[in-house]
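Please read the structure below before turning to the comments.
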Amino acid sequence: MTVTRFAPSPTGYMHIGNLRTALYSYLISKHDGGKFILRIEDTDRERLVEGATDVIKSTLAITGLKYDEGPDVGGEHGPYVQSERKEIYMEYAKKLVDLGYAYYCFCTKERLEALHEEDAVGGYDRHCRNLTKEEVEANLKAGLPFVIRQKMPLEGVTSYHDEVFGDISMNNEELQDQILMKADGYPTYNFCHVVDDYLMGVTHVVRGSEYLTSTPKYVLLYDAFGWERPTYVHLPLLMGKDAEGNISKLSKRHGAVSFQDLVADGYLPEAVLNYIALLGWCPKNSETEFFTLPELEAAFTIDGVSKSPSVFDFEKLLWFNGEYIHKMTDEDFSKAVEKFIKVEIPANINRQKMLSLLKTRISKLSEIDEKKDFFITLPEYEKELFLNKKNKIADFEIVKTVLGEAKEILEGVESFDNDTLFAALMPIAEKLAIKTGTLMWCVRIAVSGMSATPGGATEIMEVIGKDESLKRIDKALAKLA
Ligand code: GLU
């Protein structure tokens, strides 16, 4: 069975790159009907951020990336929070010492700081690597603080295969004797994730490509324990483009890059998830770029993952999001957009109609607030706004005539719905021998105060109601007088 995991460190917000890792990891297991595990990697105690685990869990819940095992859902391999598994790591580290692939190191901070670059590979000169058993025992007995380090082979090459990046090799002399267990009794990421992946039965390790070059150290641990190596799937870098068009690793300077910020800015979780699925993966034989989560589960295969960096394109995401919004039911839209409407909607406004007009004109929910304003308050405008070449309106006389006629008719209309209003106004065009476009232009400017609006004249009047429509037409007539 395919078993994958998402193993975030609770160090802050949920970066889009992390969410993509979670998604791909989820999809790889679900495509095979396998299992997806959430594991919290909190052994770097200095980088912990309070509340970060909750953000991780709620992001997975909102996006529908349901885990089969993990904190609060439990499972046969728990606990799923690394700080609760401390004893396990110490036990395995000691096993590794016994097997001859790790050693105790008692070097003090002062000694390490005094080391020179030339005699210390990657910061350590392997001073304690060859302590005798007796020396180690005496030090332990004396209660000296210690770390446990991995004993790297000094020559040869370590290779492994990555499903996306191919064969990766590293000269062993470049590998430093990295710390597996720290002096505080906590393991390093370098060690505990290997132990956990093994104990939790993880078959596919899915993570960012920043781990490509450290993975030789991890496969050496598998080999030392005699464990079967997992399948590695490293994901391409996520890049961002700045205003000058320069491309660099996706970060805050490119815009909102946390899932929470995007949602707070009015992006829909489904749209974000769909968009990031395509950042590094390309569907085979598919006409469409639109996928629900179950569709992604069916379509996602590792051979569709690309190794070239992908660029996060905010414009494309915005377009995607717009498409998702336009396809929502009015009811869902109304619910989703609720918290983005910052003012009370006056009683004269037909809220439902207003929202359904706006739904097809916004690309993110937060745009609603600004876009709805003219319904509530008529914007200031100059009478010149009525002049329009396309509709052959070169002077104000025709505008005045049209609005005068419209006012008279509208006063007699009882039901202010779009169809009735349209039918009621149409005869004006015939009477004055003008095009419908010209007629509606005049009325629309009067009732909206804007040249471009969501919806036409009669739709806008349906939203704002009879009194307000007539008031706005009177205002226009006064302006023109
Ligand atoms: N805790 C690591 C991270 O958040 C996990 C890397 C991995 O998936 O192995 O980057």
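One is the number of the first residue; the rest follow in order along the sequence. This one's a predicted model, so the numbers in the text were calculated from it and none came from an experiment. In listed order, ligands and their atoms are each counted from 1.
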The single option from Val147, Leu112, Ile179 passing side chain to side chain contact (heavy atoms under 4.5 Å, CB included) against Tyr124: Leu112
Side chain proximity check, Tyr381 to Ser451, heavy atoms < 4.5 angstrom: no
Residue part near ligand 1, for Tyr211, under 4.0 Å between non-hydrogen atoms: side chain
Check ion pair Asp177-Lys151 (N to O, under 4.0 angstrom): no
Glu41 N/O to ligand 1 N/O under 3.5 Å: yes
Beyond-backbone contact of Phe165 with Tyr232, side-chain heavy atoms, under 4.5 angstrom: no
Cation-aromatic face contact Arg20/Tyr24, 6.0 Å, 45 degrees: yes
Heteroatom distance test (Ala7, ligand 1): nitrogen or oxygen, under 3.5 angstrom: yes
Nearest neighbour in protein (non-hydrogen) for atom 6 (C) of ligand 1: Tyr189 OH, 3.2 Å
Close approach of Arg5 to ligand 1, heavy atoms, under 4.0 angstrom: yes
